[in-house]
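What follows is a single structure, written as structure tokens, with notes after it.
So you know, we letter chains A, B, ... as the sequences are listed, proteins then strands, and number each from 1.
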Amino acid sequence: MNKSDKLRLAEKFKTDKRLWLYAIAVIVVALLIALPRIVSPYLCSVVFLMFIYIAYAEAWNIMTGFTGYINFGFSVFAGIGGYASAILIIDHGIWWPVGWLLGGVFASIGALILGSFMLRLRGSYFAIGMLCLLLAAPVLATTEYLIPLTHGGYGFQFVQPVSDLTMYYSAFFISAATVFVAYKIITSSFGAKLLAIREDEEGAGSIGINTTKEKISAFAISGFFAGLAASVFFAFQNYIDPSSAFSAWYNSLPIIMVLLGGIGTLWGPVVGAVIMTFVEEFFWSVLPETYFMACGAVIVLLVLLLPGGIITWFKSRGILPRTRAI
Amino acid sequence: MMISVDRDEEGRLKDGKNVLEVQNVTKEFGSLVALNNVSIWIEEGKITGLIGPNGAGKTTLFNVITGQFRADKGKVFFRGKDITKLKPYQIARRGIGRTWQVIRIFPNMTVLENLMTAANLRERNAGEKALELLELAGLVAEKDSYAGELSTGQQKFLELVRILMFDADVMLLDEVAAGINPTEQLAALELIHNLCDQKGKTFFIVEHDMDVIMGHCDKVICLNFGEKIAEGTPKEVQNNEKVIRVYFGA
Ligand SMILES: Nc1ncnc2c1ncn2[C@@H]1O[C@H](COP(=O)(O)OP(=O)(O)OP(=O)(O)O)[C@@H](O)[C@H]1O
Ligand SMILES: [Mg+2]
């Protein structure tokens, strides 16, 4: 076999692999669409949660995975989104899809405003600053100025606006949209600028990158999807109050998922979210008392065994191609 | 030096015709005076060399021009406009690009991505432009390699063409020829000359290799302990008493 034959074969193999991937993708999507007709409502609610987690994890990744700025205050934006949509839908009778969308918009505006201050802080100062904001948020939500909006510690006990089935498909759509937007970002020159900030912020400035502006943009996009997914999540939970909106657990989950799946990669957050959904569900049903601890132990183990995350591990072994699209 | 109508008594082009002008810049680090009342001017389309022993203030001068450091005293003008207080990214966007003494590419990004970082977001054909620049740098075959995996010479070429990605027309190069093999050195110098002659780019280069300075610069400036001690054609500077004393300790 001469060289050009070999090359052609390699090309063919590549296209074959591609076709396989597309085939698998189509099957997975079809399966997820058909799922509510196939499996129990309980399993459907777990998959619903999985969609939310995917959106959460990918949203967190858009900020922290791409720019390297560790956001320890993810729940701030989930909380803003959840509250904004609840207030709009329940107290103001806004049509639910619009309410959810506005939940994302408000969270995004929140990220824009907070980011304008916080993103002037570098490295660990930003991380600590965001953590402080997270701790301040529930207190703020119950101040007398905000009680007319947030209903204080009581929050909203609202009736879910639509059927479980609609919730399921909405969450599916939102998770897909989040991953798609992350894909568009990371394969664009905007994404390259974000990665440059992660690599060397001063160097990035010297080649004309307005690092503050790009960071704030990434933060606002991340905040939008956090708020959007949270709107649907809290609607499904059927209530929102300060402690659930700004919960430490839902603040940590996306971080854990991304670290597990592969930080800064496109599919790492998805893989991490899928795994953690089932790990969480399993421990929750088997070990209701020690479930946080058990989750913690699993995480420590996985991170020790797979530093950089699953996708990164596969990429470094050459099992997965080192492309940004994966 | 001939004094023509549009030059002042120091030989400087009048009326802001110098693409870059540094006026009486002083930069101190605590008690150390890294730049002491330094004034220089750079003519468009020329290659100007900057020499001086270690610690003379060459890199500091670059850092002041590109906004990494704020001058304590004095001003920097680019095309007649005061850029002293601008941020580094704003100065880059005006058209001043720089490379670093210690290479500063993004090692965990591909070669092509490294160029895309510097692309103008509004530019439509950024991808094509990047490929053209890679051709210029002889890096097309490496476009999908991680920049950290390239040889030192290739990294220097990458860093150099990356500043062309945002159409810088004044290029400040801090020791381009250092640490690379003679073949790559020649190629780098050829690239610099081509950019200068064909595209009208202006170069301001720090260089330790005297052969490079003498053979390739239109004008040379010498710094010592933060002070400008000489400037002129390579010949003039080479024969300058102060320069000889600094370099040969005579
Ligand atoms: N950020 C800084 N903080 C404190 N001192 C500095 C800083 N940068 C440079 N200096 C000092 O300023 C002086 C000039 O340094 P500079 O790096 O400009 O020299 P240079 O001419 O580029 O030397 P070299 O040929 O070694 O690169 C040196 O004494 C250096 O120690
Ligand atoms: Mg130096």
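Partners of A/Phe314 according to the ring pair (Phe, Tyr, Trp, His ring centres under 6.0 Å) rule, which considers only residues two or more places apart in sequence or in another chain, do not exist here.
To the nearest 0.5 angstrom, A/Leu195 atom CG is 9.5 Å from B/Thr110 atom OG1. Going from atom CZ of A/Arg198 over to atom CG of B/Asn108 covers 7.0 Å, rounded to the nearest 0.5 Å. Here the CD1 atom belonging to A/Ile207 is positioned 14.5 Å from the OH atom belonging to B/Tyr89, to the nearest 0.5 angstrom. The structure places OG1 of B/Thr117 at 10.5 Å from CG of A/Asp200, a figure rounded to the nearest 0.5 Å.
More than 12 heavy atoms of other residues, nucleotides or ligands lie within 6.0 Å of NZ in B/Lys129, so this atom counts as buried by the packing criterion. Within 6.0 Å of CH2 on B/Trp100 lie more than 12 heavy atoms contributed by other residues, nucleotides or ligands. More than 12 heavy atoms of other residues, nucleotides or ligands lie within 6.0 Å of CZ in B/Phe77, so this atom counts as buried by the packing criterion. Within a 6.0 Å sphere centred on CZ of A/Phe72, other residues, nucleotides and ligands contribute 12 heavy atoms or fewer. Under a cut-off of 6.0 angstrom, the local environment of CG in A/Leu320 is crowded, with over 12 non-hydrogen atoms contributed by other residues, nucleotides or ligands. Within a 6.0 Å sphere centred on OH of A/Tyr125, other residues, nucleotides and ligands contribute 12 heavy atoms or fewer. The environment of CZ in A/Phe106 is sparse: at most 12 heavy-atom neighbours from other residues, nucleotides or ligands sit within 6.0 Å.
For the pair B/Ala92 and A/Gly208, the tightest heavy-atom approach, listed with the atom from each and the gap, is CB-N, 3.5 Å. Scanning all heavy atoms of the two residues, the minimum distance from B/Ala118 to A/Lys193 falls at C-NZ, 4.0 Å.
When each of B/Ile105, B/Ile163, B/Leu121 is checked for heavy-atom pairs under 4.5 Å with chain A, B/Leu121 comes out on top. Interface summary for chain B: among A/Gly191, A/Ser189, A/Ala196, A/Ala204, the most heavy-atom pairs under 4.5 angstrom belong to A/Ala196. Among B/Ala130, B/Gly97, B/Ala119, B/Gly67, the residue with the largest count of heavy-atom pairs under 4.5 Å with chain A is B/Ala119. Note: B/Arg104 leads B/Arg104, B/Arg93, B/Met116, B/Arg94 in heavy-atom pairs under 4.5 Å with chain A.
Neither the backbone nor the side chain of B/Ala126 comes within contact range of chain A; no heavy atom of the residue lies under 4.5 Å from a heavy atom of that chain. Contacts between B/Phe106 and chain A at a heavy-atom distance below 4.5 Å involve backbone atoms as well as side-chain atoms. Both the backbone and the side chain of A/Glu202 come within less than 4.5 Å of a heavy atom of chain B.
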Pair A/Ser206, B/Gln68 - check side-chain contact (heavy atoms from CB on, under 4.5 Å), show working. CA-CA 8 Å; A/Ser206 80; B/Gln68 253 76 37; 3.8 Å; yes
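At a threshold of 4.5 Å between non-hydrogen side-chain atoms, the residues A/Asn210 and B/Gln90 do not count as touching. Side-chain contact check for B/Met109 versus A/Arg324: some heavy-atom pair is nearer than 4.5 Å.
Checked for salt-bridge contact, A/Arg322 and B/Glu149 meet the test: a charged N lies under 4.0 Å from a carboxylate O.
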